[in-house]
Amino acid sequence: MQKLKRLEERISEKGETYSSLSKEIGISLSAFNNKINGRSSFDIIEASQLSSILDIEPQEIVYFFT
């Protein structure tokens, strides 16, 4: 797996933090870091929640989460 660079950039653009996002989607900061750095994957529910928070359109999800 590779680091999710596009997602990282969107998080920065929106002024969010990993800490706040991890709390909003109900996972630990450590788990969030592992996922953003490609050590594990966001599940469909987490990806959906993040997409909503970060204004990612459904057709763009694959762009940010692969």
Side-chain angles (χ1 to χ4, degrees):
M1 300 191 79
Q2 67 183 31
K3 188 172 183 174
L4 300 178
K5 193 73 175 156
R6 292 178 194 113
L7 183 59
E8 207 174 31
E9 290 168 357
R10 176 58 67 97
I11 290 167
S12 179
E13 287 171 12
K14 294 293 183 176
E16 295 284 351
T17 65
Y18 292 176
S19 179
S20 67
L21 290 172
S22 67
K23 288 176 186 171
E24 285 190 66
I25 66 171
I27 62 174
S28 70
L29 179 55
S30 176
F32 191 92
N33 280 323
N34 284 336
K35 292 172 190 244
I36 201 84
N37 288 307
R39 290 187 284 274
S40 60
S41 298
F42 288 102
D43 67 27
I44 190 70
I45 294 170
E46 294 162 346
S48 177
Q49 290 171 317
L50 286 171
S51 294
S52 178
I53 295 164
L54 299 172
D55 298 320
I56 296 172
E57 297 294 326
Q59 64 272 19
E60 296 178 313
I61 289 174
V62 69
Y63 179 77
F64 287 95
F65 291 92
T66 57

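Below, each value reflects all heavy atoms present in this structure, side chains not excepted, and no hydrogens, waters or symmetry copies.
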Kindly compute the distance separating [atom1] ([X]) from [atom2] ([Y]), expressed to the nearest 0.5 Å.
X   : Y   : atom1 : atom2 : result
D43 : I25 : CG    : CD1   : 8.0 Å
L29 : S19 : CG    : OG    : 5.5 Å
K23 : T17 : NZ    : OG1   : 8.0 Å
I53 : E24 : CD1   : CD    : 4.0 Å
N33 : R39 : CG    : CZ    : 7.0 Å
L50 : I45 : CG    : CD1   : 12.0 Å

Is any side-chain N of the basic residue among E9 and R6 closer than 4.0 Å to the acidic one's carboxylate O?
-> no

Which pair of non-hydrogen atoms, one from [X] and one from [Y], has the smallest distance, and what is that distance?
X   : Y   : result
K3  : N37 : CE-OD1, 3.3 Å
L7  : I36 : CD2-CD1, 3.6 Å
I61 : S51 : CG1-OG, 3.4 Å
E46 : S41 : OE1-O, 4.2 Å

Do any N or O atoms from the side chain of [X] and from the backbone of [Y] form a donor-acceptor pair under 3.5 angstrom?
X   : Y   : result
S52 : Q49 : no
S20 : E16 : no
S48 : I44 : no
R10 : L54 : yes

ring-ring contact (aromatic ring centres under 6.0 Å, His included): which pairs involve residues 13-33, sequence neighbours left out?
-> Y18-F32, F32-F42

With S28 via side chain to side chain contact (heavy atoms under 4.5 Å, CB included) - residues at least two apart = S30, A31

